[in-house]
Protein chains: 2
Amino acid sequence: MEKQLNVVPFVSVDRMMRLVHSVGIERFLTELAGYIEEDFRRWQSFDKTPRIASHSVDGVIELMPTSDGTLYGFKYVNGHPKNTREGLQTVTAFGLLSHVSTGYPVLLSEMTMLTALRTAAMSAVAGKYLAPKGARTMAVIGNGAQSEFQALAFKALLGVDRLRLYDIDPAASRKCAGNLARQGFASIEICDAAAEAVEGAAIITTATADKQYATILTDNMVGPGVHINAVGGDCPGKTEIHRDILLRSDIFVEFPPQTRIEGEIQQLPEDHAVTELWDVIEGHAIGRRDERQITLFDSVGFAIEDFSALRYVYDLTVGGAALEFLDLIADPDDPRDLFGMLMRSPAAPAAH
Amino acid sequence: MEKQLNVVPFVSVDRMMRLVHSVGIERFLTELAGYIEEDFRRWQSFDKTPRIASHSVDGVIELMPTSDGTLYGFKYVNGHPKNTREGLQTVTAFGLLSHVSTGYPVLLSEMTMLTALRTAAMSAVAGKYLAPKGARTMAVIGNGAQSEFQALAFKALLGVDRLRLYDIDPAASRKCAGNLARQGFASIEICDAAAEAVEGAAIITTATADKQYATILTDNMVGPGVHINAVGGDCPGKTEIHRDILLRSDIFVEFPPQTRIEGEIQQLPEDHAVTELWDVIEGHAIGRRDERQITLFDSVGFAIEDFSALRYVYDLTVGGAALEFLDLIADPDDPRDLFGMLMRSPAAPAAH
């Protein structure tokens, strides 16, 4: 791997898209979910810290580092809801994986696409443990950039094949339905209201983008037995679910210190009981225990999921001739002679 | 600048070296020092946080973010003293600059070379305010990767033109002297002991790399009036200067919450008085006040210096046709249609 010390394998956006298609998107989501589950099972071996956020009027820029002692990974990600008005993405991201033993990077990757995939894979992993058995119908409220990925992840991992879409902007729903038209769903229905979308849905996914305390779901819209996959409430001041629903639900989270600040549960007292998802996956805690229970996955996205995603992409691409390489790491012949490397570079002025 | 939203201007190692040579290394150090001073003058407008460190047996990997409200910058940097034994760099780094208003990156740059330059420029800025006036002789103890950059920065900014070198490995001193032989110094002497190197030196720079509590300077080696530029003690468990010298010195630091953990002053009680360098530069505090005072710059390296360095490189390269560009940011035509971008990419399977 490290024949050329100065170069870092790089997965560009174009390369990532080729990678997804070469694997197949549903298989990609399924295998990625497998990496996430594997890492959640060894939760206690990770360095965990809430992401480091730099908030501004328009949005947030975050760094999300973690390490399992062998590999170190971090993601740079922004969240700027107003960006779409300027033709920009709300969320863009890239990430890096490096060796803990040397600090040398082994992979730099785009992560806008990869984050969309891992967020959906994570939701589907939670759904596997929390959604009612045999659930086939999912309401998707908020039909923006994340919606199709959610739909396909739940199809691939849980067999969900009926979608009920709603967005305040009907064009977003039409885009979502159009994109998913040939992806093997039994039915895709565009609804006129959130209340209509949730009818008959065993799973409700909320993935709206506005940065505000919104109420996408009101109390009367959520009946017994439903699993709520709350994706959009993911930073301070941004929630989607009415507090009364939270109080009726069993709430599952990724990393409590982060979710209490960023998730739906920022609406609740700090000591409100929640269950850590890794405890469910590892068998320390029960996920769904009966048919009438309302379960809620308060997704905010945690560094370990990005680590899993980078690890998956690394395993897919390692040694791959198709990778690009970046001249990112200075590698003098004598490590103590960085200056000599600079002065002997082709661009240096001739000796006088 | 943002005609192509998906690409991020990239400064590779090779490009950085060309940039340094096209400007000229001493002018580069001087201009970089100017950017650092400018940013230290507006210290209070920055988001400041101690770096986020992931420590392991072999070293540390750190993220160093900061923002002035308009631009956001961070650096990834490792420190692995044992790396040199495997032919790797102790410190490698890269960094990113982005717009706070959109979260979109505007520059990705190698920073191994740039960190060496900014560390030296920072030391010289401190030296400008703290070293005795007219100092021409500097002892450099520890002649590894940082040594030549320190020497040239003090030459460019302060007029230091006599060097006294010492390293436990004589080969390192010979490398340093050789590299600097044609850089316009009046004299460069290789010494057999640290105590010999400091003789007649108005400035003592310590830049050793071992991760341990070392005593590069003992109390009897430091006479009145000297300025100590303590560069190597920069992480928990790694110091260079005997505690007694610290107690006789007026100590100047970058960002106290970080320096108290990482700098020489980790040897002192938490409430030991130190002066923030930005207060000196801004005129709120006095730097050197008399000829017999021992001043000590307890350099650990702070995120704002990396920000200044990235800002300088950005200004040098902005709009430059010579830049490389990375396909790092997914940019769908409709920002809400990331999935459509994926499915319409050339690599996607043909519609069926």
Side-chain angles (χ1 to χ4, degrees), chain A residues 5-6 12-14 17-18 20-21 47 52 54 56 58-59 61 63 65 67 72 74 76 78 80 83-84 87-90 92 94 96 98 100-104 110 112-113 116 144-145 148-149 172 175 179 182 326-330 335-340 342-343 345 347-349 351-352, chain B residues 5-6 12-14 17-18 20-21 47 52 54 56 58-59 61 63 65 67 72 74 76 78 80 83-84 87-90 92 94 96 98 100-104 110 112-113 116 144-145 148-149 172 175 179 182 326-330 335-340 342-343 345 347-349 351-352:
Chain A
L5 292 172
N6 64 309
S12 66
V13 177
D14 180 62
M17 295 195 292
R18 288 175 193 277
V20 173
H21 290 304
D47 259 356
I52 302 101
S54 176
S56 62
D58 293 320
I61 298 175
L63 297 174
S67 167
Y72 170 94
F74 84 88
Y76 168 100
N78 76 296
H80 287 71
N83 270 7
T84 50
L88 303 174
Q89 283 284 108
T90 300
T92 68
F94 72 91
L96 184 98
S98 58
V100 168
S101 63
T102 63
Y104 271 54
E110 88 79 33
T112 308
M113 203 59 86
E148 298 95 339
F149 296 97
K175 175 229 39 160
N179 278 334
R182 278 191 289 266
L326 293 188
D327 170 30
L328 188 61
I329 301 299
R336 294 175 309 185
D337 197 11
L338 192 63
F339 185 80
L342 173 63
M343 299 317 273
S345 80
H352 45 265
Chain B
L5 292 173
N6 63 310
S12 66
V13 178
D14 179 64
M17 296 196 292
R18 287 174 192 278
V20 172
H21 290 302
D47 259 356
I52 302 99
S54 177
S56 62
D58 294 319
I61 297 176
L63 298 174
S67 166
Y72 170 94
F74 84 89
Y76 167 101
N78 75 297
H80 288 70
N83 270 6
T84 50
L88 303 175
Q89 284 285 108
T90 300
T92 67
F94 71 92
L96 184 98
S98 58
V100 169
S101 63
T102 64
Y104 271 54
E110 87 79 34
T112 307
M113 203 58 87
E148 298 95 340
F149 296 97
K175 173 230 43 161
N179 278 334
R182 278 191 288 265
L326 293 188
D327 170 31
L328 188 62
I329 300 299
R336 293 176 311 185
D337 197 10
L338 193 63
F339 186 81
L342 174 63
M343 299 318 273
S345 80
H352 43 264

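Numbers restart at 1 for each chain; the letters A, B, ... are given by sequence-line order, proteins then strands.
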* **Selection from B:L328, B:T92, B:I52 maximising heavy-atom pairs under 4.5 Å formed with chain A** => B:L328

* Which value, rounded to the nearest 0.5 Å, describes the distance between B:S12 atom OG and A:L326 atom CG? -> 9.0 Å

* Structure fact -> If one checks every heavy atom of B:V20 against chain A at 4.5 Å, the contacting part turns out to be side chain

* Asked: By a 4.5 Å heavy-atom criterion (distance strictly below it), what part of A:T84 contacts chain B: side chain, backbone, both, or neither?
  -> both

* **A:N78 side chain to B:Y104 backbone, donor-acceptor under 3.5 Å** => no

* If you look at every heavy atom in B:L338 and A:A116, which pair is closest and at what distance? -> CD2-CB, 3.7 Å

* Asked: How close do A:R336 and B:K175 get, heavy atom to heavy atom, and via which atoms?
  -> O-NZ, 2.8 Å

* Spacing of A:L96 atom CG and B:L96 atom CG [to the nearest 0.5 Å] -> 11.5 Å

* Kindly assign one of parallel, tilted or perpendicular to the pair A:F149 and B:F339, based on the angle between their ring planes and the thresholds 30° and 60°. => perpendicular

* Structure fact -> Contacts of B:D327 meeting salt bridge (charged side-chain N to carboxylate O under 4.0 Å, His left out) (sequence neighbours excluded), chain-then-number -> none

* Asked: What heavy-atom pair brings B:H80 and A:T102 nearest, and what distance separates the two atoms?
  -> ND1-O, 3.3 Å

* Check whether B:S101 gets within reach of chain A through its side chain, its backbone, both or neither, counting any heavy atom under 4.5 Å. => both

* Best-contacting candidate, A:M17, A:E148, A:H21, against chain B by heavy atom pairs under 4.5 angstrom -> A:H21

* Asked: Side chain, backbone, both or neither: which part of A:L342 has a non-hydrogen atom closer than 4.5 Å to chain B?
  -> both

* Taking B:E110, B:R18, B:Q89 one by one, which has the highest count of heavy-atom pairs under 4.5 Å against chain A? -> B:Q89

* chain B contact via A:N83 - side chain, backbone, both or neither, heavy atoms under 4.5 Å -> side chain

* **Contact winner vs chain B - A:T112, A:V100, A:L63, A:D14, heavy-atom pairs under 4.5 Å** => A:L63

* B:Y76 to A:S98 - nearest heavy-atom pair and separation -> OH-OG, 2.7 Å

* Structure fact -> Sorted by chain and number, sequence neighbours left out, side chain to side chain contact (heavy atoms under 4.5 Å, CB included) with B:S54 holds for A:D47, A:S67, A:Y72

